There are 2 protein chains.
Amino acid sequence: MSTTQMLKGILDGCLLAIIKNKEVYGYEIAKKLESYGFASLSEGTIYPLLIRMKKEELVTATSKKSTAGPRRKYYSLTLKGEEALQSFIKRWNGLQNNVNNVLRYESDGEETKGDEHGE
Amino acid sequence: MSTTQMLKGILDGCLLAIIKNKEVYGYEIAKKLESYGFASLSEGTIYPLLIRMKKEELVTATSKKSTAGPRRKYYSLTLKGEEALQSFIKRWNGLQNNVNNVLRYESDGEETKGDEHGE
DNA sequence: TCATATACCTTGTAATGCAATCTATTTTTA
DNA sequence: TAAAAATAGATTGCATTACAAGGTATATGA
(Lines give C-alpha, C1' and ligand atoms only; values in the text may rest on other atoms or scores of the structure.)
Protein backbone atom coordinates (compact mmCIF):
# COMPACT_ATOMS: atom_id res chain seq x y z
CA MET A 1 0.00 0.00 0.00
CA SER A 2 2.31 2.73 1.20
CA THR A 3 5.97 3.39 0.67
CA THR A 4 6.96 1.68 3.87
CA GLN A 5 6.62 -1.80 2.45
CA MET A 6 8.96 -0.92 -0.36
CA LEU A 7 11.67 -0.13 2.14
CA LYS A 8 11.92 -3.68 3.44
CA GLY A 9 15.48 -4.86 3.08
CA ILE A 10 16.53 -1.64 1.40
CA LEU A 11 16.88 0.57 4.40
CA ASP A 12 19.69 -1.48 5.92
CA GLY A 13 21.67 -1.11 2.71
CA CYS A 14 21.29 2.65 2.97
CA LEU A 15 22.47 2.61 6.57
CA LEU A 16 25.52 0.58 5.57
CA ALA A 17 26.36 3.10 2.86
CA ILE A 18 26.05 6.01 5.27
CA ILE A 19 28.10 4.33 7.97
CA LYS A 20 30.81 3.34 5.53
CA ASN A 21 31.34 6.93 4.52
CA LYS A 22 31.89 8.23 8.02
CA GLU A 23 31.51 7.22 11.64
CA VAL A 24 28.00 8.30 12.54
CA TYR A 25 25.46 8.01 15.33
CA GLY A 26 21.84 6.98 15.06
CA TYR A 27 20.20 10.34 15.43
CA GLU A 28 22.53 11.74 12.79
CA ILE A 29 21.60 8.93 10.39
CA ALA A 30 17.92 9.69 10.86
CA LYS A 31 18.50 13.32 9.95
CA LYS A 32 20.61 12.39 6.95
CA LEU A 33 18.02 10.01 5.56
CA GLU A 34 15.44 12.72 5.93
CA SER A 35 17.61 15.06 3.90
CA TYR A 36 17.89 12.41 1.19
CA GLY A 37 14.14 12.34 0.80
CA PHE A 38 13.12 9.53 3.12
CA ALA A 39 10.26 11.43 4.67
CA SER A 40 8.63 10.26 7.84
CA LEU A 41 11.35 7.81 8.70
CA SER A 42 10.93 7.09 12.36
CA GLU A 43 13.75 6.62 14.83
CA GLY A 44 11.80 3.61 15.96
CA THR A 45 13.00 2.15 12.70
CA ILE A 46 16.63 3.23 12.83
CA TYR A 47 17.64 2.14 16.31
CA PRO A 48 16.34 -1.42 16.15
CA LEU A 49 17.99 -1.74 12.76
CA LEU A 50 21.34 -0.58 14.13
CA ILE A 51 21.05 -3.00 17.01
CA ARG A 52 20.27 -5.80 14.60
CA MET A 53 23.21 -4.94 12.39
CA LYS A 54 25.48 -4.88 15.38
CA LYS A 55 24.25 -8.31 16.43
CA GLU A 56 25.02 -9.53 12.91
CA GLU A 57 28.50 -8.02 13.24
CA LEU A 58 28.04 -5.72 10.28
CA VAL A 59 28.87 -2.69 12.42
CA THR A 60 30.64 -1.84 15.66
CA ALA A 61 29.58 0.83 18.11
CA THR A 62 31.52 3.08 20.46
CA SER A 63 29.93 5.43 22.95
CA LYS A 64 31.22 8.98 22.99
CA LYS A 65 30.33 12.12 24.87
CA SER A 66 28.10 14.59 23.12
CA THR A 67 28.40 18.37 23.14
CA ALA A 68 24.66 18.54 23.80
CA GLY A 69 22.47 15.77 25.09
CA PRO A 70 23.25 12.23 26.17
CA ARG A 71 26.18 10.13 24.95
CA ARG A 72 26.18 9.20 21.29
CA LYS A 73 26.77 5.75 19.88
CA TYR A 74 29.04 6.02 16.88
CA TYR A 75 28.84 3.23 14.35
CA SER A 76 31.51 1.93 11.99
CA LEU A 77 31.46 -0.76 9.31
CA THR A 78 33.18 -4.06 9.88
CA LEU A 79 34.70 -6.03 7.03
CA LYS A 80 31.58 -8.15 7.04
CA GLY A 81 29.56 -4.95 6.83
CA GLU A 82 31.48 -3.78 3.78
CA GLU A 83 30.84 -7.09 2.10
CA ALA A 84 27.17 -6.80 2.97
CA LEU A 85 27.12 -3.32 1.43
CA GLN A 86 28.66 -4.58 -1.80
CA SER A 87 26.18 -7.42 -1.88
CA PHE A 88 23.32 -5.01 -1.28
CA ILE A 89 24.42 -2.73 -4.11
CA LYS A 90 24.46 -5.66 -6.51
CA ARG A 91 21.03 -6.82 -5.44
CA TRP A 92 19.65 -3.30 -5.56
CA ASN A 93 20.93 -2.77 -9.08
CA GLY A 94 19.49 -6.10 -10.13
CA LEU A 95 16.14 -5.23 -8.64
CA GLN A 96 16.11 -1.84 -10.35
CA ASN A 97 16.79 -3.50 -13.68
CA ASN A 98 14.08 -6.08 -13.25
CA VAL A 99 11.40 -3.66 -12.10
CA ASN A 100 12.28 -1.07 -14.72
CA ASN A 101 12.19 -3.77 -17.38
CA VAL A 102 8.70 -4.73 -16.34
CA LEU A 103 7.58 -1.11 -16.33
CA ARG A 104 9.26 -0.38 -19.65
CA TYR A 105 8.18 -3.45 -21.58
CA GLU A 106 4.75 -3.91 -20.08
CA SER A 107 3.45 -0.45 -19.44
CA ASP A 108 3.00 0.58 -23.05
CA GLY A 109 1.31 -2.15 -24.94
CA GLU A 110 4.42 -3.85 -26.28
CA GLU A 111 4.01 -7.49 -27.11
CA THR A 112 7.16 -9.35 -26.16
CA LYS A 113 6.00 -12.88 -26.69
CA GLY A 114 8.32 -14.79 -24.45
CA ASP A 115 11.60 -13.66 -25.95
CA GLU A 116 14.45 -11.94 -24.15
CA HIS A 117 13.99 -8.46 -22.73
CA GLY A 118 16.44 -5.59 -22.90
CA GLU A 119 19.58 -6.36 -24.85
CA MET B 1 19.39 -10.66 4.08
CA SER B 2 18.31 -11.95 0.69
CA THR B 3 16.57 -10.30 -2.22
CA THR B 4 13.16 -11.41 -1.04
CA GLN B 5 12.81 -8.66 1.53
CA MET B 6 13.51 -6.06 -1.11
CA LEU B 7 10.50 -7.22 -3.07
CA LYS B 8 8.02 -6.26 -0.37
CA GLY B 9 5.52 -3.86 -1.80
CA ILE B 10 7.26 -3.82 -5.15
CA LEU B 11 6.01 -7.05 -6.58
CA ASP B 12 2.40 -5.97 -6.62
CA GLY B 13 3.35 -2.93 -8.66
CA CYS B 14 4.98 -5.23 -11.20
CA LEU B 15 1.90 -7.41 -11.36
CA LEU B 16 -0.27 -4.37 -11.97
CA ALA B 17 1.98 -3.30 -14.84
CA ILE B 18 1.85 -6.74 -16.43
CA ILE B 19 -1.90 -7.05 -16.05
CA LYS B 20 -2.50 -3.59 -17.45
CA ASN B 21 -0.69 -4.46 -20.63
CA LYS B 22 -2.73 -7.54 -21.40
CA GLU B 23 -5.23 -9.90 -19.81
CA VAL B 24 -3.09 -12.60 -18.21
CA TYR B 25 -3.38 -15.59 -15.91
CA GLY B 26 -1.30 -16.32 -12.83
CA TYR B 27 0.94 -18.98 -14.23
CA GLU B 28 1.72 -16.76 -17.20
CA ILE B 29 2.67 -13.90 -14.89
CA ALA B 30 5.05 -16.14 -12.99
CA LYS B 31 6.80 -17.11 -16.24
CA LYS B 32 6.96 -13.50 -17.38
CA LEU B 33 8.50 -12.29 -14.16
CA GLU B 34 11.07 -15.04 -14.45
CA SER B 35 11.96 -13.83 -17.92
CA TYR B 36 12.38 -10.32 -16.56
CA GLY B 37 15.04 -11.52 -14.14
CA PHE B 38 13.01 -12.25 -11.03
CA ALA B 39 14.65 -15.58 -10.37
CA SER B 40 13.16 -18.08 -8.01
CA LEU B 41 9.85 -16.31 -7.73
CA SER B 42 7.48 -18.84 -6.27
CA GLU B 43 3.89 -19.27 -7.37
CA GLY B 44 3.13 -19.38 -3.67
CA THR B 45 3.81 -15.66 -3.89
CA ILE B 46 1.87 -14.85 -7.04
CA TYR B 47 -1.45 -16.51 -6.32
CA PRO B 48 -2.03 -15.06 -2.86
CA LEU B 49 -1.05 -11.66 -4.23
CA LEU B 50 -3.57 -11.92 -7.05
CA ILE B 51 -6.26 -12.95 -4.60
CA ARG B 52 -5.41 -10.01 -2.39
CA MET B 53 -5.49 -7.59 -5.29
CA LYS B 54 -8.84 -8.92 -6.35
CA LYS B 55 -10.17 -8.44 -2.83
CA GLU B 56 -8.91 -4.86 -2.96
CA GLU B 57 -10.73 -4.46 -6.29
CA LEU B 58 -7.57 -3.62 -8.19
CA VAL B 59 -8.20 -6.45 -10.63
CA THR B 60 -11.05 -8.60 -11.88
CA ALA B 61 -10.81 -12.27 -12.79
CA THR B 62 -12.62 -14.42 -15.33
CA SER B 63 -12.17 -18.15 -15.62
CA LYS B 64 -11.55 -19.50 -19.11
CA LYS B 65 -10.84 -22.90 -20.55
CA SER B 66 -7.23 -23.75 -21.21
CA THR B 67 -5.81 -25.55 -24.21
CA ALA B 68 -3.72 -27.63 -21.86
CA GLY B 69 -4.29 -28.12 -18.17
CA PRO B 70 -7.04 -26.83 -15.87
CA ARG B 71 -9.04 -23.65 -16.38
CA ARG B 72 -7.12 -20.39 -16.26
CA LYS B 73 -8.08 -17.29 -14.32
CA TYR B 74 -7.51 -14.27 -16.50
CA TYR B 75 -6.95 -10.98 -14.70
CA SER B 76 -7.68 -7.44 -15.85
CA LEU B 77 -7.06 -4.05 -14.25
CA THR B 78 -9.89 -2.05 -12.80
CA LEU B 79 -9.87 1.73 -12.76
CA LYS B 80 -8.76 1.54 -9.16
CA GLY B 81 -5.98 -0.78 -10.27
CA GLU B 82 -4.77 1.69 -12.86
CA GLU B 83 -4.66 4.40 -10.24
CA ALA B 84 -2.74 2.09 -7.95
CA LEU B 85 -0.27 1.42 -10.75
CA GLN B 86 0.29 5.13 -11.32
CA SER B 87 0.76 5.63 -7.60
CA PHE B 88 3.21 2.76 -7.46
CA ILE B 89 5.28 4.15 -10.32
CA LYS B 90 5.56 7.49 -8.54
CA ARG B 91 6.59 5.88 -5.28
CA TRP B 92 9.03 3.56 -7.03
CA ASN B 93 10.70 6.46 -8.82
CA GLY B 94 10.91 8.37 -5.56
CA LEU B 95 12.45 5.42 -3.81
CA GLN B 96 14.97 4.93 -6.60
CA ASN B 97 16.01 8.55 -6.33
CA ASN B 98 16.42 8.44 -2.58
CA VAL B 99 18.39 5.22 -2.48
CA ASN B 100 20.59 6.19 -5.40
CA ASN B 101 21.24 9.54 -3.75
CA VAL B 102 22.41 7.80 -0.62
CA LEU B 103 24.62 5.45 -2.61
CA ARG B 104 25.99 8.27 -4.74
CA TYR B 105 26.64 10.83 -2.05
CA GLU B 106 27.69 8.53 0.73
CA SER B 107 29.56 5.73 -0.92
CA ASP B 108 32.61 7.74 -1.95
CA GLY B 109 33.77 9.85 0.91
CA GLU B 110 31.91 13.01 0.00
CA GLU B 111 31.19 15.31 2.91
CA THR B 112 27.79 16.85 2.41
CA LYS B 113 27.34 18.56 5.74
CA GLY B 114 23.58 18.82 5.99
CA ASP B 115 22.95 20.78 2.84
CA GLU B 116 20.74 19.73 -0.06
CA HIS B 117 21.66 16.75 -2.15
CA GLY B 118 21.46 16.62 -5.92
CA GLU B 119 19.38 19.35 -7.46
C1' DT C 1 13.11 24.74 38.29
C1' DC C 2 10.98 23.90 33.96
C1' DA C 3 11.03 23.61 29.00
C1' DT C 4 13.32 22.19 25.02
C1' DA C 5 16.47 19.85 22.06
C1' DT C 6 19.25 16.04 21.76
C1' DA C 7 19.95 11.06 21.86
C1' DC C 8 18.73 6.41 22.55
C1' DC C 9 15.76 2.32 23.64
C1' DT C 10 11.69 -1.12 23.93
C1' DT C 11 7.24 -3.31 22.98
C1' DG C 12 3.79 -4.76 20.02
C1' DT C 13 1.61 -4.84 15.51
C1' DA C 14 0.83 -5.30 10.64
C1' DA C 15 2.27 -6.40 6.09
C1' DT C 16 3.99 -9.65 2.95
C1' DG C 17 7.24 -12.95 0.39
C1' DC C 18 7.71 -17.77 0.33
C1' DA C 19 8.38 -22.77 1.38
C1' DA C 20 5.67 -26.65 1.56
C1' DT C 21 1.92 -29.01 0.30
C1' DC C 22 -2.29 -29.98 -1.96
C1' DT C 23 -5.84 -30.50 -5.86
C1' DA C 24 -7.10 -30.89 -10.68
C1' DT C 25 -6.63 -31.21 -15.80
C1' DT C 26 -4.37 -32.33 -20.12
C1' DT C 27 -0.75 -34.40 -22.84
C1' DT C 28 2.90 -37.58 -23.42
C1' DT C 29 5.27 -41.76 -22.69
C1' DA C 30 5.78 -46.54 -21.53
C1' DT D 1 -4.42 -48.57 -20.08
C1' DA D 2 -1.39 -46.75 -16.60
C1' DA D 3 2.08 -43.66 -15.15
C1' DA D 4 4.55 -39.49 -15.52
C1' DA D 5 5.05 -34.80 -16.56
C1' DA D 6 3.52 -30.28 -17.51
C1' DT D 7 0.14 -26.97 -16.67
C1' DA D 8 -2.75 -24.21 -13.44
C1' DG D 9 -4.41 -22.92 -9.21
C1' DA D 10 -5.00 -22.68 -3.96
C1' DT D 11 -3.89 -22.84 1.16
C1' DT D 12 -1.35 -22.85 5.64
C1' DG D 13 2.03 -21.17 8.50
C1' DC D 14 6.35 -18.85 9.21
C1' DA D 15 9.97 -15.30 9.23
C1' DT D 16 11.27 -10.75 8.37
C1' DT D 17 10.95 -6.02 9.15
C1' DA D 18 9.13 -0.97 9.19
C1' DC D 19 6.94 1.71 12.42
C1' DA D 20 3.86 3.85 15.93
C1' DA D 21 3.77 4.73 20.62
C1' DG D 22 5.76 5.27 24.56
C1' DG D 23 9.71 5.54 27.61
C1' DT D 24 14.52 7.09 29.56
C1' DA D 25 18.41 10.19 30.05
C1' DT D 26 21.46 14.36 29.38
C1' DA D 27 22.54 19.17 28.54
C1' DT D 28 21.31 24.07 27.88
C1' DG D 29 18.79 28.29 28.49
C1' DA D 30 14.90 31.04 30.31
Side-chain angles (χ1 to χ4, degrees), chain A residues 1-16 23-34 38-56 58-59 61-75 88 91 95 98-99 114, chain B residues 1-16 23-34 38-56 58-59 61-75 88 91 95 98-99 114:
Chain A
M1 263 213 186
S2 67
T3 319
T4 83
Q5 285 299 320
M6 302 205 311
L7 281 177
K8 303 257 175 183
I10 291 175
L11 203 54
D12 44 356
C14 294
L15 288 216
L16 290 174
E23 212 187 31
V24 283
Y25 55 97
Y27 195 77
E28 192 183 2
I29 294 176
K31 297 294 172 197
K32 275 199 178 215
L33 285 174
E34 221 174 296
F38 291 95
S40 75
L41 226 170
S42 152
E43 294 164 43
T45 301
I46 307 285
Y47 291 116
L49 219 170
L50 287 170
I51 290 168
R52 194 175 80 222
M53 296 201 306
K54 194 188 167 192
K55 206 173 289 171
E56 290 170 1
L58 302 178
V59 297
T62 55
S63 175
K64 293 185 187 175
K65 258 193 182 165
S66 164
T67 49
R71 299 176 70 81
R72 296 165 175 168
K73 262 195 185 163
Y74 282 87
Y75 290 89
F88 164 75
R91 282 182 292 114
L95 179 67
N98 296 346
V99 175
Chain B
M1 261 210 186
S2 66
T3 319
T4 84
Q5 283 299 320
M6 302 206 309
L7 281 178
K8 302 253 178 186
I10 290 175
L11 203 53
D12 44 356
C14 295
L15 289 216
L16 290 175
E23 212 188 29
V24 282
Y25 55 97
Y27 195 76
E28 192 183 2
I29 294 176
K31 297 296 171 196
K32 275 200 179 214
L33 285 172
E34 220 174 295
F38 290 96
S40 76
L41 226 170
S42 154
E43 294 163 44
T45 301
I46 307 285
Y47 292 117
L49 219 171
L50 286 170
I51 290 167
R52 195 174 79 225
M53 295 201 306
K54 193 187 168 194
K55 205 173 292 172
E56 289 169 1
L58 303 177
V59 297
T62 54
S63 175
K64 293 185 187 176
K65 258 192 181 165
S66 164
T67 51
R71 297 176 72 81
R72 296 164 174 168
K73 262 194 186 165
Y74 283 85
Y75 289 90
F88 164 74
R91 284 181 292 116
L95 180 66
N98 295 346
V99 174

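Here the structure is a predicted model, which is why all the values come from computation and not from measurement. To find a chain, count down the sequence lines: A is the first, B the second, and so on, and within it residues start at 1. Any value given below was found using the heavy atoms of this structure, including those in side chains, with hydrogens, waters and symmetry copies removed.
For A/Glu23 and A/Lys64, the salt-bridge test passes: some basic side-chain N is under 4.0 Å from an acidic carboxylate O.
Remark: A/Tyr74 engages A/Tyr25 in a ring pair (Phe, Tyr, Trp, His ring centres under 6.0 Å) (not counting sequence neighbours). For A/Thr45, the side chain to side chain contact (heavy atoms under 4.5 Å, CB included) partners two or more places apart in sequence, or in a different chain, are A/Leu11, A/Leu41, A/Ser42.
In this structure, CD of A/Gln5 is placed 16 Å from P of D/dT16, rounded to the nearest angstrom. We find that NZ of A/Lys54 is positioned 12 Å from P of C/dC8, with the value rounded to whole Å. Atoms CZ (A/Arg52) and P (C/dT11) sit 16 Å apart, rounded to a whole Å. One interatomic measurement links the two molecules: CD of A/Glu34 to P of D/dC19, which rounds to 12 Å at whole-angstrom precision. B/Lys8 places its NZ atom 10 Å from the C1' atom of D/dC14, with the value rounded to the nearest Å. Counting to the nearest Å, the C1' atom of D/dG9 and the CD1 atom of B/Ile29 are 12 Å from each other. We find that CE of B/Met6 is positioned 12 Å from P of D/dT17, with the value rounded to whole Å. Atom NZ of B/Lys55 is separated from atom P of C/dA15 by 12 Å (rounded to the nearest Å).
With D/dA10, D/dA15, C/dC18 as the candidates, the nucleotide lying closest to the side chain of B/Tyr75 is D/dA10. Picking from C/dC18, D/dA10, D/dC19 the nucleotide with the shortest atom distance to the side chain of B/Pro48 gives C/dC18. Residue B/Leu11 places its side chain closer to C/dC18 than to any other of D/dA18, C/dC9, C/dC18.
An OP1 or OP2 oxygen of D/dA18 is reached within less than 4.0 angstrom by no side-chain nitrogen or oxygen of A/Thr4. Between D/dC19 and A/Thr45, a contact under 4.0 Å exists linking OP1 or OP2 to a side-chain N or O.
Among the heavy atoms of the strands lying under 4.0 Å from B/Leu49 are primed sugar atoms or P, OP1, OP2 only; no base atom is included. Among the protein residues, A/Ile46 comes within range of no part of the nucleic acid, since none of its heavy atoms lies under 4.0 Å from any strand.
By the 4.5 Å heavy-atom criterion applied to side chains, A/Leu33 and A/Lys31 are not counted as neighbours.
Contact between B/Gly9 and B/Phe88 at its shortest, heavy atoms only, is O-CE1, 3.9 Å. Between B/Val59 and B/Leu50 the shortest heavy-atom distance is CG2-O, 4.2 Å.
The residue among A/Lys65 and A/Ile10 whose nearest nucleotide of DNA chain D is located toward the 5' end is A/Ile10.
A side-chain N or O of B/Ser63 and one of B/Arg71 form a donor-acceptor pair less than 3.5 Å apart.
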Write out a two-atom table: protein N or O, nucleotide N or O from nucleotides 2-8 of chain D, distance below 3.5 Å.
residue	atom	partner	partner atom	Å
D/dT7	OP2	B/Tyr27	OH	3.3
D/dT7	O3'	B/Ala68	O	3.3
D/dA8	OP1	B/Tyr25	OH	3.4
D/dA8	OP1	B/Arg72	NE	2.6
D/dA8	OP1	B/Arg72	NH2	2.3
D/dA8	OP2	B/Tyr25	OH	3.4

